[in-house]
Amino acid sequence: MSSILTNLRSAVITGFVFAIILIFFLAQGSFDQTAFNMWLLRWLHVLSGVMWVGILYYFNFVQIPNMPNIPDDQKPAISKVIAPAALWWFRWGAVATVVTGFILAHLNGYLHDAMTFSNGHWPIGVGMWLAIIMFLNVWLVIWPNQKKALGIVEVDAETKANATRKAMLFSRKNTILSIPMLVAMTVAQNSFS
């Protein structure tokens, strides 16, 4: 058991094995392949969304507020090791979340209605538009500026400081947008009459 818990890959594989076993038992009896496929896609959407927003919250609630408390000689561990790895999962979690969300909306037949706020699909549409804005912030603002802030792209000290601040500000914007986005995404699964 220790070898599973001390190795991330083994732990993740074990989690997926347990999930597959659970799925097997859930799929017993009458089986609707379309419903199963939709559920699997929704599960992947939620899983990738947890990765994306979870890392967004890690940056904003843990890393950024605590950076001033880290001694200068220890900060390279964050900027050279931890932040680049977290940003990789952050960026690709955003891609997976948006792509699976669009596929779900299309397969459920409400993509156009949601994107145009029509036919009662406006709540999920609000959530989708907020997610798109957040996605664009990640790829067009946060990541390019983080590359400068972390020294992945060499820049002068002033540019680095400006890039650090801009990445942080857009990360905070995404934190703000994530809260109503999650409301819109979850309320769309329910109807209030």
Side-chain angles (χ1 to χ4, degrees), residues 12-13 15-61 85-147 166-193:
V12 170
I13 290 170
F16 275 95
V17 167
F18 287 158
I20 290 167
I21 292 168
L22 179 60
I23 291 165
F24 173 78
F25 284 110
L26 291 171
Q28 297 304 303
S30 62
F31 186 75
D32 181 341
Q33 186 67 51
T34 302
F36 175 80
N37 292 343
M38 293 297 287
W39 166 82
L40 184 60
L41 189 59
R42 185 172 312 281
W43 177 69
L44 291 171
H45 178 64
V46 170
L47 185 65
S48 57
V50 167
M51 177 66 74
W52 179 20
V53 175
I55 293 175
L56 173 70
Y57 288 176
Y58 159 76
F59 284 137
N60 283 278
F61 293 101
L87 284 163
W88 189 92
W89 288 102
F90 178 66
R91 294 189 322 271
W92 293 105
V95 169
T97 304
V98 170
V99 168
T100 56
F102 274 118
I103 294 170
L104 272 171
H106 172 71
L107 293 177
N108 279 307
Y110 61 76
L111 178 61
H112 180 267
D113 289 344
M115 299 303 290
T116 58
F117 308 116
S118 59
N119 294 327
H121 293 286
W122 70 267
I124 195 79
V126 169
M128 290 172 72
W129 278 109
L130 290 172
I132 290 166
I133 293 166
M134 291 169 61
F135 170 84
L136 293 172
N137 284 345
V138 167
W139 280 93
L140 301 178
V141 182
I142 296 170
W143 175 234
N145 281 285
Q146 281 290 9
K147 288 192 286 187
K166 189 170 189 178
M168 184 274 296
L169 292 174
F170 274 81
S171 183
R172 289 284 163 79
K173 288 177 184 179
N174 274 8
T175 299
I176 291 167
L177 295 177
S178 73
I179 297 166
M181 182 269 301
L182 290 170
V183 168
M185 293 296 186
T186 56
V187 78
Q189 302 303 313
N190 303 284
S191 63
F192 299 111
S193 303

Closest contact, heavy atoms only, [X] versus [Y]:
{"X": "Met185", "Y": "Ile124", "value": "SD-CD1, 3.4 Å"}
{"X": "Gly127", "Y": "Met181", "value": "O-CG, 3.4 Å"}
{"X": "Pro180", "Y": "Ile176", "value": "CD-O, 2.9 Å"}

For the atom pair [atom1] ([X]) and [atom2] ([Y]), what is the distance rounded to the nearest 0.5 Å?
{"X": "Leu41", "Y": "His106", "atom1": "CG", "atom2": "NE2", "answer": "11.0 Å"}
{"X": "Phe170", "Y": "Ile133", "atom1": "CZ", "atom2": "CD1", "answer": "11.5 Å"}
{"X": "Phe36", "Y": "Leu26", "atom1": "CZ", "atom2": "CG", "answer": "9.0 Å"}
{"X": "Leu107", "Y": "Met38", "atom1": "CG", "atom2": "CE", "answer": "5.0 Å"}
{"X": "Met168", "Y": "Gln146", "atom1": "CE", "atom2": "CD", "answer": "10.5 Å"}
{"X": "Leu56", "Y": "Leu177", "atom1": "CG", "atom2": "CG", "answer": "9.5 Å"}

Which pairs of donor and acceptor atoms, one on a side chain in residues 137-145, lie under 3.5 Å apart (sequence neighbours left out)?
residue	atom	partner	partner atom	Å
Asn137	ND2	Asn174	OD1	2.8
Trp139	NE1	Arg91	O	3.4
Asn145	ND2	Val141	O	2.8

Partners passing side-chain contact (heavy atoms from CB on, under 4.5 Å) against Ala86 (at least two apart in sequence or in another chain) | Ile55, Phe59

Beyond-backbone contact of Met134 with Lys173, side-chain heavy atoms, under 4.5 angstrom = no

Heavy-atom check, side chain of Met115 versus side chain of Ile132, under 4.5 Å | yes

Under 3.5 Å donor-acceptor pairs involving side-chain atoms of residues 42-50, not counting sequence neighbours:
residue	atom	partner	partner atom	Å
His45	ND1	Thr97	O	2.9
His45	ND1	Thr100	OG1	3.0
His45	ND1	Gly101	N	3.3
Ser48	OG	Leu44	O	2.9
Ser48	OG	His45	O	3.0
Ser48	OG	Thr97	N	3.3
Ser48	OG	Thr97	OG1	3.2

Who are the ring-ring contact (aromatic ring centres under 6.0 Å, His included) partners of Phe102, not counting sequence neighbours?
-> none

Which residue pairs pass the side-chain hydrogen bond (donor to acceptor under 3.5 Å, both in side chains) test when at least one of the two sits in residues 50-59, sequence neighbours left out?
-> Tyr57-Ser178, Tyr58-Gln63

Only counting residues at least two apart or in another chain, list the ones meeting side chain to side chain donor-acceptor pair (under 3.5 Å) with Thr186.
-> none

